[in-house]
Student: 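Below is a structure I'd like to ask you about.
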Amino acid sequence: MSAATGAVTDALRELHTSYAGADGGELAGYIPQLALADPGAFGLALISMDGHRYSAGDADVPFTVQSVSKPFVYALALSLLGLDEVSRWVNAEPSGEAFNAISLEHGTGRPSNAMVNAGAIVATALIPDTPVAPRFGRILDCLSRFAGRALDVDEEVYASEAATGDRNRALAYLIRSTGPLPVDPVAAVETYFRQCAVRVTVLDLAAMAATLAHGGVNPLNGERVVSEPVAAQVLTVMATCGMYDASGDWLLRVGLPAKSGVSGGVIAAGPARFGLAAYSPPLDRTGTSVRGRLAIGTLSDRLGLHLMRNPALPGSTVTLVTTADDLPAVPAGERARRQRVAVAAAQGALDFTAAERVLYALDEAGAGRTGAVVLDLVRVTDIDTVARAMLRGGLARLAADGRRTAVADPDGRLREPGDDTGAARSFASREEAVAWCTATASG
Ligand code: GLU
């Protein structure tokens, strides 16, 4: 193991050592087969956006996915039907109640969210069931694609829940009696039991979480599983509703979208950063793994992962604001002619926040806010659509104010499809852009 990757594994191992002895919690006895789990089993896994896999402890021990399936089946429903249609049948409000509560909206019977059982049963019911593509086949395929490998069902756990799952059946009957759902939740609840009995390892769960964090693309194999907007929608509902009646406290303390399940699995996602998972069967009173909560909470705290802490401020987007005569490349004799050409240079990946900084720098550039302006994008690595539109609009406004504008944009990043000229005259280098501004300014 190299020194670099060893550091991540060491962090996971240290957490594993710290919490392996943590007592407390109980196995989920209401599904008899789950009560047979080894209470000492404990695994942690992290998968990066580059698909690098790290783990500690029982990384290969199989267990059933249980409620950790909920975000992924919700993702499938959103992919097939869209947010508006899915929201007609299942809301996205935290219930503040236990996982198996009768949390149905007054009047409509709509479950409060897809992370509690009532809403998950509706999400499962919404998955189309056809002879060519049966509902459960679609679900198993979807979960497998999130994990990046073919998953299967633990038939013993399935049979155990099917034999004892009357509360979920009762929920399904209640949903059918209160709402005009166009499909049968009573039939779907048997599929829901099978979906909960899909077998995974903690590394599978980390891959599934990483796929959501990676905008819907599995970082292990590069396969797009769901669209980027669907991944964002699912992460949002995980953030507000994923931890049952402890969702607010979790978001406050840990600050990551997450989902727990009664077999002891927990996932957490750092958007655009990593997927994280823990497995340890003893549960606290809210149905979350005791050691899983401790390990993920501590990791978030130590590594500063809380979403609201935003440690990734793009501090150095603008690398230079000057006039061309200050540039070393300009010969002394030329300086007078170039005095009134201002240059702002940017670097890195430009998004809304970065584009605001660049535009501010452009506004400030040039004595008295007059004269020509060169925007140097040579060291820019990426521009998203929002930033591109902002920069093009900003350059157009400068031009409308009577200022000459040019960009050094060798890779055509400011160009839009079907647009050959770009927002301003485009050059391969800053020197050429400055020379053009100088020539036109003096001409
Ligand atoms: N199959 C379980 C149930 O519906 C899942 C619950 C959970 O993991 O929270 O009771």
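Residues: numbered from 1 along the sequence shown. Just so it is clear, the structure is predicted and the values come from calculations on it, not from any experiment. Just so you know, ligand 1 is whichever comes first in the structure, and atom 1 is the first atom listed for that ligand.
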Student: Under 4.0 Å from a heavy atom of Glu161: give me the atoms of ligand 1 that qualify, with their elements.
Tutor: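 Answer for ligand 1: 1 (N), 2 (C), 3 (C), 4 (O), 10 (O).
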Student: Can a donor-acceptor pair be found between the side chains of Tyr74 and Asn113 at a distance below 3.5 Å?
Tutor: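 No, no side-chain donor-acceptor pair sits under 3.5 Å.
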Student: Heavy-atom pairs closer than 4.0 Å: do any link ligand 1 to the side chain of Val68, the backbone, both, or neither?
Tutor: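 Val68 to ligand 1: no contact under 4.0 Å from either part.
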Student: Considering only heavy atoms of Gly261, which atoms of ligand 1 have at least one such atom less than 4.0 Å away?
Tutor: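 By the 4.0 Å cutoff, the relevant atoms are 8 (O).
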Student: Quick one: look up the protein heavy atom nearest atom 4 (O) of ligand 1 and list residue, atom name and how far away it is.
Tutor: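 Nearest protein contact, heavy atoms only, for atom 4 (O) of ligand 1 is Tyr192 OH, 2.7 Å.
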Student: Any idea which protein heavy atom is nearest atom 10 (O) of ligand 1, and the distance to it?
Tutor: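 Result: Tyr30 OH, 2.4 Å.
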Student: Identify, for atom 7 (C) of ligand 1, the protein heavy atom at the shortest distance, and state residue, atom and that distance.
Tutor: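 Here the nearest protein heavy atom works out to Ser67 OG, 2.5 Å.
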Student: Report yes or no: do Ser48 and Asp50 form a side-chain donor-acceptor pair below 3.5 Å?
Tutor: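 On atom types as modelled, these side chains do not qualify, holding no pair under 3.5 Å.
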Student: Would you call Arg194-Glu161 a salt bridge at under 4.0 Å N-O?
Tutor: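 Salt bridge flag = no for Glu161 with Arg194.
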Student: Looking only at distances, please establish whether an N/O atom of ligand 1 is found under 3.5 Å from an N/O atom of Lys70.
Tutor: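 No: no nitrogen or oxygen of Lys70 is under 3.5 Å from one in ligand 1.
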Student: May I ask you to list the atoms of ligand 1 that are less than 4.0 angstrom from any heavy atom of Cys196?
Tutor: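 Result: 1 (N).
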Student: Just jot down the ligand 1 atoms closer than 4.0 angstrom to any heavy atom of Tyr244, in number order.
Tutor: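 Atoms satisfying the 4.0 Å criterion: 7 (C), 8 (O), 9 (O).
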Student: Should the pair Asp384-Arg388 be classified as a salt bridge under the 4.0 Å nitrogen-to-oxygen rule?
Tutor: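 Salt bridge flag = no for Arg388 with Asp384.
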Student: Under 3.5 Å, is there a donor-acceptor pair between the side chain of Asp409 and the main chain of Leu414?
Tutor: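 Indeed, once roles are kept as given, a pair shorter than 3.5 Å links the two residues.
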Student: Considering only protein heavy atoms, which is closest to atom 1 (N) of ligand 1, and at what distance to one decimal place?
Tutor: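 Among all protein heavy atoms, the one nearest atom 1 (N) of ligand 1 is Gln66 OE1, 2.6 Å.
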Student: Return yes if a side-chain donor-acceptor contact under 3.5 Å exists between Asp141 and Ser144, otherwise no.
Tutor: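 No.
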Student: Can you tell whether the side chains of Glu26 and Arg285 come within less than 4.0 Å, N to carboxylate O?
Tutor: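 Not counted as a salt bridge, because no side-chain N and carboxylate O are separated by less than 4.0 Å.
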